[in-house]
Amino acid sequence: MTLTVAIDGPAAAGKGTISKAVAAHFGFAHLDTGLLYRAVGAKVIAGQSPIDAAQTLDPSDLEDDSLRTATVAQAASEVAVIPEVRAALVDFQRTFAARDGGAVLDGRDIGTVICPDADVKLFVTASAACRAERRYKELAGKGHDVTPAGVLADVQERDKRDSERAAAPMVAAEDATLIDTSDMSIEQAVAAAISAVGTARHN
Ligand code: CDP
């Protein structure tokens with residue numbers, strides 16, 4: 001059985017938490033595609049050229065905790081505007097999506113560009129203030145040196161760059177189910193996503 005779930009949305013909307021929970025619930029594999037761009041961004045910070053970094057990316061590059069910083073997030077959104085960088089990452093994502101047993105991919109362009117035929121498409125969003133507050137708590141909780149205002153500025157800057165870029169801009173697919181998590185608990189957001197996937201699975 002192959003079943004692909006595409007979960008897109010802006011920075012810190014809860015895609016990661018929801019994707020992991022959906023994958024665990026249905027026994028699907030999960031790919032956080034943001035990590036691909038973060039890993040390329042981290043290599044660029046280390047001195048490599050973006051296109052070379054994307055073309056030589058190895059799955060083991062994704063298992064680095066330091067990819068979760070705000071600095072790497074910014075670098076990720078800067079390399080993500082480069083068409084050749086995006087092109088170099090397509091095959092890996094599509095192969096993952098087609099794996100036997102079901103797959104959840106979360107990112108910005110999964111339902112529009114990477115898997116336009118995905119069985120389920122969700123667009124998870126929340127107000128910028130909510131998203132920044134959550135991301136601030138997450139990063140501060142891990143001991144990162146961040147301020148609420150700095151995290152809000154980071155989130156807004158990335159949203160702008162991600163939605164205005166020419167190559168695979170962040171936009172909800174026409175057939176995506178919108179989930180606004182601003183006033184939802186994690187449990188409610190996860191339940192909404194599981195219900196959408198469950199419905200598609202039986203169709
Ligand atoms: O976790 P968060 O939502 O803050 O970001 P992420 O999903 O790790 O993505 C980091 C950056 O990678 C985004 O700001 C995008 O610029 C880029 N990205 C993308 O362009 N396409 C994707 N499918 C996933 C991420």
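One-based numbering, in listed order, for ligands and for the atoms of each. The first residue of the sequence shown is numbered 1, and numbering continues consecutively from there. On a predicted model such as this, the values are computed, not experimentally measured, just so you know. We use all heavy atoms of the structure for the numbers below, so side chains are in, but hydrogens, waters and symmetry mates are not.
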Indicate every side-chain donor-acceptor pair of residues 136-143 with a distance under 3.5 Å to a residue at least two apart or in another chain.
residue : atom : partner : partner atom : Å
K137    : NZ   : E133    : OE2          : 3.3
E138    : OE1  : R135    : NE           : 3.1

* Is there a donor-acceptor contact under 3.5 Å linking the side chains of R134 and T17? -> no
* Pairs touching residues 180-197 that satisfy salt bridge (Lys or Arg N to Asp or Glu O under 4.0 Å), sequence neighbours left out -> none
* Who are the salt bridge (Lys or Arg N to Asp or Glu O under 4.0 Å) partners of E157, not counting sequence neighbours? -> R161
Which atom pairs, nitrogen or oxygen on both sides, join ligand 1 and the protein at under 3.5 angstrom?
residue  : atom   : partner : partner atom : Å
ligand 1 : 1 (O)  : R38     : NH2          : 3.4
ligand 1 : 1 (O)  : R135    : NH2          : 3.2
ligand 1 : 3 (O)  : A12     : N            : 3.1
ligand 1 : 3 (O)  : K15     : NZ           : 3.0
ligand 1 : 3 (O)  : R108    : NH2          : 3.2
ligand 1 : 4 (O)  : R38     : NH2          : 3.4
ligand 1 : 4 (O)  : R135    : NH1          : 2.8
ligand 1 : 4 (O)  : R135    : NH2          : 3.4
ligand 1 : 4 (O)  : R158    : NH1          : 3.2
ligand 1 : 4 (O)  : R158    : NH2          : 2.7
ligand 1 : 5 (O)  : R38     : NH2          : 3.4
ligand 1 : 5 (O)  : R108    : NH2          : 3.2
ligand 1 : 5 (O)  : R158    : NH1          : 3.2
ligand 1 : 7 (O)  : R108    : NH1          : 3.1
ligand 1 : 8 (O)  : R38     : NE           : 2.5
ligand 1 : 8 (O)  : R38     : NH2          : 3.4
ligand 1 : 14 (O) : R108    : NH2          : 3.4
ligand 1 : 14 (O) : R158    : NH1          : 2.9
ligand 1 : 14 (O) : D162    : OD2          : 2.7
ligand 1 : 16 (O) : D162    : OD1          : 2.5
ligand 1 : 16 (O) : D162    : OD2          : 3.3
ligand 1 : 20 (O) : R86     : NH1          : 2.8
ligand 1 : 20 (O) : R86     : NH2          : 3.4
ligand 1 : 20 (O) : R165    : NH1          : 2.9
ligand 1 : 20 (O) : R165    : NH2          : 2.9
ligand 1 : 21 (N) : R86     : NH2          : 3.0
ligand 1 : 23 (N) : T33     : OG1          : 3.0
ligand 1 : 23 (N) : R108    : N            : 3.1
ligand 1 : 23 (N) : D109    : OD1          : 2.9

* Asked: Would one find more than 12 heavy atoms of other residues, nucleotides or ligands at under 6.0 Å from atom CG of D58?
  -> yes
* Structure fact -> CD of Q188 to CD1 of I179, rounded to nearest 0.5 Å, is 11.5 Å
